[in-house]
Amino acid sequence: MQTKMLSCRPMLAALLCGASLALAGAPAQAQSDGTSTFKAVPKRAAAAAQAAAQRDFAQFVTHQVQVRGASGAPVDFPLDISDMQDLKDAKIGYGFPVYTIDPNELLAGRGSMKQMAKATGQWRFVILLNQRPIGMATVELNNGNYETVAYGAAVLAKDVDASMGYYADAERSNVRFVRIYQARSDVLEVVAREDGRTRYAPLHSARESLLMQQRAVKDGKAGDALMDEAELLQPLRSAVKQNLDASK
């Protein structure tokens, strides 16, 4: 669970961002400015994080193409491509801040999940190849500057992109990505456009960790696949408690 994320800024010397970083370790300290929608995220921070993702990815692509040429992508390459030349057409897509919930607050039930979720200061950007998600760039604020710290999470990228397509509005302002590190679970918090009701879409890691089946979207009704907080809390708390006990 506490997989160390290696810095990708000095990575022009070698490929060092693994593909298994979908549930990498939490940032050192979550910020306390939890908000209900993406609209509340400062535009300056969003723009700076995206600029860093684009800058670093351009360097990553240049280096990989120079080193590997027209060869096929190695099996452990962090992005889902078949040929290294595909990188030339890949682009940084949309991004979103990562939120988390303190495990002690979750176990104590100190408010709703929506209230407990706090921003971590970390951002994820979906990397697209011809509009197809092939992975993610993880961006963090280090010494006052945003920088990419990892590439990978191809499975998560596909899962998030599909879920955003179902549940998000045009600005993705009614959804939040919430990672409960101690439960090894990612969920998408969704505020319904019709009635303002908050429900959750368990992503791949949550379905695996919490032993849940993916709910189908029926008759074009995406809301039918969402879970109420009451359905999600107990398995989350059980997973958090089990993992915390195991780490003692």
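The structure displayed is predicted, hence computed values, not measured ones. Numbers for residues simply follow the sequence, beginning at 1.
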At their closest point, which heavy atom of [X] faces which heavy atom of [Y], and how far apart are they?
X      : Y      : result
Gly93  : Leu128 : CA-CD1, 4.1 Å
Ile81  : Ala73  : O-CB, 3.4 Å
Val139 : Ala49  : CG1-O, 4.0 Å
Ala48  : Tyr146 : CB-CD1, 3.7 Å
Tyr99  : Ala119 : CD2-N, 3.4 Å
Asp169 : Ser173 : OD2-OG, 2.6 Å

Spacing of [atom1] belonging to [X] relative to [atom2] belonging to [Y], to within rounding of 0.5 Å:
X      : Y      : atom1 : atom2 : answer
Leu233 : Met113 : CG    : CE    : 6.0 Å
Glu189 : Tyr167 : CD    : OH    : 14.0 Å
His204 : Asp186 : NE2   : CG    : 10.0 Å
Asp89  : Asp83  : CG    : CG    : 10.5 Å
Phe77  : Ser71  : CZ    : OG    : 9.5 Å
Leu79  : Gln64  : CG    : CD    : 9.0 Å

Does any part of the side chain of [Y], heavy atoms only, come nearer than 4.5 Å to the side chain of [X], both counted from C-beta?
X      : Y      : answer
Val160 : Met136 : yes
Pro133 : Ile127 : no
Asp56  : Gln59  : yes
Ser185 : Arg179 : no
Val178 : Thr100 : no
Glu229 : Tyr200 : yes
Arg184 : Ser205 : no

Evaluate the criterion side chain to side chain contact (heavy atoms under 4.5 Å, CB included) for residue pair Asp102 and Lys118; output intermediate values, then yes/no. CA-CA 8 Å; Asp102 181 275; Lys118 309 298 181 192; over 6 Å; no

Pair Phe60 and Tyr151, ring centroids less than 6.0 Å apart: yes

Would a single hydrophobic cluster contain both [Y] and [X], if residues Ile, Leu, Val, Met, Phe, Trp and Tyr are joined by side-chain heavy-atom contacts under 4.5 Å?
X      : Y      : value
Ile180 : Val155 : no
Met116 : Met227 : yes
Leu107 : Val187 : yes

Short side-chain to backbone donor-acceptor contact, [X] and [Y], under 3.5 Å:
X      : Y      : value
Ser247 : Leu244 : yes
Arg199 : Ala192 : no
Asp161 : Ala157 : no

List the steps and the verdict of side chain to side chain contact (heavy atoms under 4.5 Å, CB included) for Met84 and Val67. CA-CA 10 Å; Met84 296 306 298; Val67 170; over 6 Å; no

Trace of the salt bridge (Lys or Arg N to Asp or Glu O under 4.0 Å) decision for Asp159 with Arg207: CA-CA 11 Å; Asp159 203 8; Arg207 297 193 300 269; 3.7 Å; yes

Using the six-membered ring of Tyr94, assess whether NZ or CZ of Arg172 lies under 6.0 Å from its centre and within 45 degrees of the ring axis.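 The answer is yes, since Arg172 meets both limits relative to Tyr94.
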
Verdict with supporting geometry, Val98 and Trp123, side chain to side chain contact (heavy atoms under 4.5 Å, CB included): CA-CA 6 Å; Val98 176; Trp123 287 74; over 6 Å; no

Please check if the number of heavy atoms outside Lys158 that lie under 6.0 Å from its NZ is greater than 12.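 Counting neighbours around NZ of Lys158, more than 12 heavy atoms of other residues, nucleotides or ligands fall under 6.0 Å, so yes.
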
Between Asp228 and Arg197, does any side-chain N to carboxylate O distance fall below 4.0 Å? yes

In terms of side-chain geometry, is the basic nitrogen of Arg132 or Asp80 positioned less than 4.0 Å from the acidic oxygen of its partner?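 Yes.
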
Pick from Thr120, Thr148, Val149, Asn145: which one makes a side-chain contact (heavy atoms from CB on, under 4.5 Å) with Glu140?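 Considering Thr120, Thr148, Val149, Asn145, a side-chain contact (heavy atoms from CB on, under 4.5 Å) with Glu140 is found only for Val149.
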
Strictly by modelled atom types, are [X] and [Y] linked by a side-chain donor-acceptor pair under 3.5 Å?
X      : Y      : value
Arg124 : Thr138 : yes
Glu147 : Asn142 : yes
Ser238 : Gln234 : yes

Please step through side chain to side chain contact (heavy atoms under 4.5 Å, CB included) for the pair Val190 and Asn174, ending with a clear verdict. CA-CA 6 Å; Val190 182; Asn174 66 315; 4.3 Å; yes

